[in-house]
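A quick write-up on the structure given underneath.
Convention: sequence-line order gives letters A, B, ...; per-chain numbering from 1.
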Amino acid sequence: MSDVIYNFRAVEKKWTKFFAQYSISNEELIQNQDKKAYILEMLPYPSGSFHMGHVRNYTIGDVVARYQKMLGFTIIHPMGWDSFGMPAENAAMQSGGHPKTWTEANIEDMKKQLKPLGYMYDWQREISTCSVEYYTQEQKIFLDFYKKGLVYRKKSYVNWDPIEQTVLANEQVIDGKGWRSGALVEKKMLEQWSLRITDYAEELLQGLKELEGHWPDNVLKMQENWIGKSEGAIINFEVINSDEKIAVFTTRPDTLFGASFLAISPDHEFSQRIASKNEEFAEFIDECKKIATTEESIEKAEKKGKFTGLYVKHPVVEDLQLPIYIANFVLMDYGTGAVFGCPAHDERDFEFAQKYNLPIKRVIDSVEDLPFTGDGKLINSEYLDGMSVEQAKIYMINRLQELNIGTKKISYRLRDWLISRQRYWGCPIPIVHCENCGAVPAELPVYLPDDVSFDSKGNPLANHPTWKFVKCPKCGNNALRETDTLDTFFESSWYFLRYLCPNFNEPIDKKVAEVAMPVDLCIGGIEHAVLHLLYARFFVLALRDLGYIDCKVPFANLLTQGMVCHKSYKNTEGEWVYPDEIEKLPNGKLIDKNGIEVFECAFEKMSKSKKNVISHQKIIDSHGVDAVRLFIVSDTPPEKDFSWNTDALDGSWRFLNRVWKVFNKVLQKVKENKEGADTLIKTSHVYLKKIKESYDDIALNKSVAFAREFFNEIERNLEMESASSLKFAFECFIKAIYPITPHIAHEMFEKLTNAADPLQNALWPEINEDLATATKVTIAVQVNGRLRGTFNIEKDTEDSVLEQTAKNILKDSINLENIEKIIVVKNRIVNIVVK
RNA sequence: GCGGAUGUGGUGGAAUUGGUAGACACGCAAGAUUUAGGUUCUUGUGAUCAAAAAUCGUGGGGGUUCGAGUCCCCCCAUCCGCACCA
């Protein structure tokens, strides 16, 4: 019986080779366009280290792709590399190599690590965003955006990452720090390239509604908040003794009668002008800026203002003048950079008014203390008196418009996407700056030069001795190339379209995109909720308006998989310790390999820095790929955080061995053509249905649980069943687990059916609905809602019979005369209510 | 501060959407075969109780209902996102 031992090494090696050959041509795709499924996992950055988070992400994707294939879909399932970016440049600076060689070596390395996992990727579609083929096509898109007016250059305060030595987009600043470097971001006045994502603010917001139920709610909410729409009005305040006006944005025009001051941003034009003439104000403004950048928690920052000595006229109250303050809490890049203060009904204005002794006038009635921000009847507001807040807003806006001093206005929190980076390892922005012609589109392609030096500070492209000196494509005069490169999120905003035509001579092949888009399921981490996922939505809309594609959504469905977590450990010397280097002493104490005592720390995301990682390579060697794949989708739903548990991994390994053992017994019985019962036929249909429903919901932990139940049933009936029934049931079981454990499934399928066609081309077994529904049901018998017993009976038995059966069961324990009421729910319960 | 999510055995998690709470696993305990492989196989395992019976039990407290993990109200805790957004 030596064949009973499952040799996962040999079996997995055999089938992995086969899986690597999977490919679907665009011709096939177009032929089968009615039944396509585009399954996409967010493409990885080739850092060189493939980790458990990748394994989980790609395993979930692979299971879905293989399952969908069984449903008869033509599957687009590509993989590629998000290969531009800072780490390559940092590595080059540290070790003296070249970002290109570093990146390419990493891709090779990661591919080597990826292949043994048996994923069904279409490697014919592989892309690498740092390749000439990719980024030169991207330059065409950039210039189309430019010609359409979607790209512009403007001087403004931008986020500067002092470690990466480049600017960042707002989305890339998390808690005031650079998203990758973690460095405190500084504000700098620089001239930078931006994309007009704000032109699409409303459509991006509206688009969220269509994604409801298809994208996780928290992602939709995060994007909604990020776009941050608010409706209000612009009101113009006349400056006394001047013909100037200051425009103010407010969402509370109803509180205008309660206004007692005007506050403007230190960066406001008006402030700047005052500062340029007055040293004292210049100092104050400088001080404000320091607070804005150095103070981590803005909550702690004190509200500060400086009276300009100037006043504005209250727009609707005769003879009322409001002082103008320069105030540190007013942001320049939201609204107009100026606000009117109504201290009675705004917490911040209240604090400010108290500090500077400004009038506080209640205009909304309420028993509550000031500041009061809720709803109520307007008071002290002339014609608004008696109205609700909502009514007063509408009335006031109309009034302002009639008087020609204000207009209705919708503001968004979303800012334009700053896309230029002062780095080498990115796509060159194809623009030439000419003294005569200004910014001119460069002749394409613009290649990234290889011969750069990382020795000196700053952007290696700008430091290159010759690269930037060119002739103007328009007038032929000497001109300078743009030396900034594109934000790498630019690449990841359209890669899913390039997979569809990796070698096409234009960026996007419309006829393929028409068939393949949108992506049916995108799987990735939640960390991209407002980065990649917002940019990709924007790109698709912009590309649609440029005529590249017809769809308006990049990803029809989104699954954000949870993190892979493990307990982290520190020794008494404060060093992190790898979990597999820890030994447990008989007294329960933990020690590391040097005998130093170790303590358990938090349960957190696996990360190299905390050493709480498990090497996927090691566990694949010891347990096999299928066991790892099975384990990683068992127990925990894909969207939840996953806690690593090596014991449970052993359980998956044991299960596969058990499967192999039972399989060999089944094989034997099939060979013997044994007679017997055929109860497993029905069992198979029951479980196929349950397992299928779980796959449909991507509740893979449930698919596994039901598949195990199914297997337990087969094992239990092994001796009594007929050969034909056993064969049928086991074939169903193989198909049911195939998406998760494809190697062992293929091996068993081949041996059981002698099929020439591999399992990969098999379809999900047809489910006989009659057989899939139970014919017997268990009825619960309750007294006053408490369980008192159960009985089995034919499905759909009449209520009266159920009632009588329940009474018979209870006749000794309750007095039937005391029955007040009997509730019968068909196929479920009988509840007898007694006094 | 605002917004969102989550809370079920020792652990990961199920629960037909208001109808037998704890499926399926992990762990643990007892036993069997013996294994020379990280075994395998029985049985048990929410708590209280020697046990049956019974009672309690889905973060806490109320409520609706014949019946609540599920619906409603009020708290608490944890996590995440945004954060001077006018």
Interatomic distance where [atom1] belongs to [X] and [atom2] belongs to [N] [whole Å]:
| X | N | atom1 | atom2 | answer |
| --- | --- | --- | --- | --- |
| A:Glu715 | B:C41 | CD | P | 7 Å |
| A:Trp653 | B:A25 | CH2 | C1' | 17 Å |
| A:Asn657 | B:U40 | CG | P | 8 Å |
| A:Asp641 | B:U11 | CG | C1' | 16 Å |
| A:Phe352 | B:A86 | CZ | P | 18 Å |
| A:Phe791 | B:G19 | CZ | C1' | 14 Å |
| A:Glu820 | B:G67 | CD | P | 11 Å |
| A:Arg9 | B:G37 | CZ | P | 14 Å |

Say you pick atom [atom1] in [N] and the same atom in [M]; how far apart are they, in whole Å?
| N | M | atom1 | result |
| --- | --- | --- | --- |
| B:A50 | B:U40 | C1' | 33 Å |
| B:C2 | B:C66 | C1' | 43 Å |
| B:G13 | B:G46 | C1' | 15 Å |
| B:U65 | B:G19 | C1' | 12 Å |
| B:A15 | B:G9 | C1' | 15 Å |
| B:G22 | B:G69 | C1' | 11 Å |
| B:C24 | B:U45 | P | 13 Å |
| B:G67 | B:U55 | P | 16 Å |

Base, sugar-phosphate or nothing for [X]? Non-hydrogen atoms, less than 4.0 Å.
| X | answer |
| --- | --- |
| A:Arg788 | sugar-phosphate |
| A:Val248 | nothing |
| A:Gln782 | base |
| A:Val825 | base |
| A:Ser411 | nothing |
| A:Gly651 | sugar-phosphate |
| A:Ala705 | base |
| A:Arg348 | base |
| A:Asn712 | sugar-phosphate |

Which nucleotide sits closest to the side chain of [X]: [options]?
| X | options | result |
| --- | --- | --- |
| A:Arg413 | B:A21, B:C84, B:A83 | B:A83 |
| A:Phe249 | B:G13, B:A86, B:C66 | B:A86 |
| A:Val339 | B:A14, B:A86, B:U40 | B:A86 |
| A:Glu709 | B:A23, B:G12, B:G38 | B:A23 |
| A:Tyr334 | B:C66, B:G19, B:C85 | B:C85 |
| A:Pro637 | B:G13, B:G38, B:C84 | B:G13 |
| A:Arg415 | B:G19, B:C85, B:G12 | B:C85 |

So, is B:G9 syn or anti if syn means the angle is within 90° of 0? syn
Syn/anti state of B:U17 by chi, 90° boundary around 0: syn
Between [X] and [Y], does any side-chain N to carboxylate O distance fall below 4.0 Å?
| X | Y | answer |
| --- | --- | --- |
| A:Asp346 | A:Arg348 | yes |
| A:Lys690 | A:Glu693 | no |
| A:Arg415 | A:Asp333 | yes |
| A:Arg658 | A:Glu715 | yes |
| A:Asp580 | A:Lys618 | yes |
| A:Glu287 | A:Lys304 | yes |
| A:Lys229 | A:Glu202 | yes |
| A:Lys209 | A:Glu212 | no |
| A:Lys221 | A:Asp217 | no |

Counting only side-chain nitrogens and oxygens, does [X] get under 4.0 Å of the OP1 or OP2 atom of [N]?
| X | N | answer |
| --- | --- | --- |
| A:Lys702 | B:A15 | yes |
| A:Asn218 | B:U6 | no |
| A:Asn701 | B:A14 | yes |
| A:Arg654 | B:C26 | yes |
| A:Lys821 | B:C66 | yes |
| A:Arg786 | B:A54 | no |

The answer to which of A:Thr778 and A:Ser634 contacts RNA chain B further toward the 5' end, by nearest nucleotide, is A:Ser634
Closer to the 5' end of RNA chain B via nearest nucleotide, is it A:Val173 or A:Lys640? A:Lys640
Stem ranges for RNA chain B, with three or more consecutive Watson-Crick or G-U pairs under 3.5 Å? B:1-7 with B:76-82, B:10-12 with B:24-26, B:27-32 with B:40-45, B:46-48 with B:54-56, B:59-63 with B:71-75
Go through the N and O atoms of the side chain of A:Arg828 and the base of B:U20, and report whether any donor-acceptor pair is under 3.5 Å. no
Polar pair under 3.5 Å, donor/acceptor by atom type, side chain A:Asn831, base B:C66: yes
Under 3.5 Å, which donor-acceptor pairs do the side chains of residues 776-793 of chain A form with other protein atoms, sequence neighbours left out?
{"residue": "A:Thr778", "atom": "OG1", "partner": "A:Asn792", "partner atom": "OD1", "Å": "2.7"}
{"residue": "A:Asn784", "atom": "OD1", "partner": "A:Val834", "partner atom": "N", "Å": "3.0"}

Can any side-chain N or O of A:Arg56 pair as donor or acceptor with the backbone N or O of A:Arg629 at less than 3.5 Å? no
Classify the ring geometry of A:His532 against A:His528: parallel below 30°, tilted from 30° to 60°, perpendicular beyond 60°. perpendicular
